[in-house]
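Everything below concerns the one structure shown next.
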Number of protein chains: 2
Amino acid sequence: MSGMPRASPRSLPPPEDHAARFTQQREADRSAIAEDYVELIADLLQEEGEARAVDIARRMGVAQATVAATVARLQRDGLVETKPYRGLFLTPAGQAVASAARARHELVVRFLLAVGLDPETAEADAEGLEHHASEKALAAFARFLAKHEADPK
Amino acid sequence: MSGMPRASPRSLPPPEDHAARFTQQREADRSAIAEDYVELIADLLQEEGEARAVDIARRMGVAQATVAATVARLQRDGLVETKPYRGLFLTPAGQAVASAARARHELVVRFLLAVGLDPETAEADAEGLEHHASEKALAAFARFLAKHEADPK
DNA sequence: ACTATAATTTAGCAGACACTAAGTTTTGGA
DNA sequence: TCCAAAACTTAGTGTCTGCTAAATTATAGT
């Protein structure tokens, strides 16, 4: 295919290790939506004083019924509480998830900015990347920031 | 809530923009699995000469029946062809997806290494991150590498 | 050639997340 | 106070990605 000289051998990892990566991947995907909802609820609560299902729907780009169903799962999982017509609230567990998510989100955004992304894209990409960066990766990002924010360039 | 000084205002983006991010996010998620399969098939084809469903199953950490179902979708979408008991093959479209995926994957790995991750984690994280980095982000990673591979540190 | 083993497919099920359409509240303005 | 608009819920679907269990089918070793 094309003129490329086959890059690197990059021998495949042992099957078990390989599988472990994908399994881990699937787990991250599963929690990603929960984190997005919880994070958004926390933001709305803080910025607007209340987090209503309609607003979640509008901001997530999703139908209200979808929000209802997803929130039901979050409730089942002990992250969220609802007071009909009064909006959504986070349980302590939900708040923990939210603040962890926000910390990750902000770290990723700062990192992307430091690496040369425009603010707009940094924000948009962080939305996806924050769920797939391991603790080790986040630590590396933080180290990078520490080094580069002190001594730019 | 806790002693934190409220970090940054970080006023929420306009609802439409916000929704656009998540919608984009969901699209990336949808294509992620297809890309993973296609990428793995390409790797197996190249490294072992054939890509069989059993091996895919083992390496993806998934049941054989799941592979059969997913491959059926990839086939429906014109990315893969199968010759029973002879393994899986990529259509031209599949090959295109595979090489784009591989290019992204390798770029992300190199970038993560440059930023200080150990090779093990870089590989594992790339698996998740490669599907969520926009073209702009990838371009920024490439610029970063160009700068830092020439002039380390 | 036969047959045991391995590979693949089929069937049936579950759960998450999305949709539309059709109810139910609740709220708040006239 | 009443009632229309807004918010929320319920019902019924569909797709994707998984699973297990039970066929098939092909390959390969004897």
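Everything numeric here is computed off the predicted structure, so don't read it as measured data. Only this structure's heavy atoms are used, side chains among them; waters, hydrogens and symmetry mates stay out. Letters A, B, ... are given to chains in the order of the sequence lines, protein chains preceding strands, and every chain is numbered from 1.
For residues 110-120 of chain A, every residue pair satisfying the salt bridge (Lys or Arg N to Asp or Glu O under 4.0 Å) rule, not counting sequence neighbours, is listed here: R110(A)-E149(A). The salt bridge (Lys or Arg N to Asp or Glu O under 4.0 Å) analysis of residues 52-81 of chain A, with sequence neighbours excluded, yields the pairs E50(A)-R52(A), D55(A)-R58(A).
Side-chain polar atoms of H132(A) and Q25(A) form a donor-acceptor pair below 3.5 angstrom.
Nearest-nucleotide positions on DNA chain D place V54(A) closer to the 5' end than the other of V54(A) and R26(A). Position along DNA chain C of the nearest nucleotide to R86(B) versus I33(A) favours R86(B) as the more 5'-ward residue.
Side-chain N or O atoms of D125(B) include one that pairs as donor or acceptor with a backbone N or O of S134(A) at under 3.5 Å.
Bounding nucleotides for the chain A contact on DNA chain D, 5' to 3', at a heavy-atom distance below 4.0 Å, are dA7(D) to dG18(D). Protein chain A touches strand DNA chain C; the 5'-most and 3'-most nucleotides with an atom under 4.0 angstrom of its non-hydrogen atoms are dA16(C) to dT26(C).
Under the rule for a side-chain contact (heavy atoms from CB on, under 4.5 Å), the partners of T66(B) that lie at least two apart in sequence or sit in another chain are Y37(B), V62(B), A63(B), T70(B).
No chain of hydrophobic side-chain contacts below 4.5 Å, direct or via other Ile, Leu, Val, Met, Phe, Trp or Tyr residues, connects V38(A) to V109(A).
Residue-environment remark: CD (Q24(A)) stays at or below the threshold of 12 foreign heavy atoms within 6.0 Å.
Taking the six-membered ring where tryptophan is involved, the planes of F111(A) and F144(A) are perpendicular, since the angle between them exceeds 60° and thus also 30°.
Using a 4.5 Å cut-off on side-chain heavy atoms (C-beta onward), L90(B) and L79(B) make no contact.
In summary, of the residues considered (H105(A), R104(A), R102(A)), a side-chain contact (heavy atoms from CB on, under 4.5 Å) with E35(A) occurs for R104(A) alone.
Taking every heavy atom of residues 63-82 of chain B and every atom of DNA chain D, pairs under 4.0 Å involve A63(B), A65(B), T66(B), R73(B), R76(B), by number.
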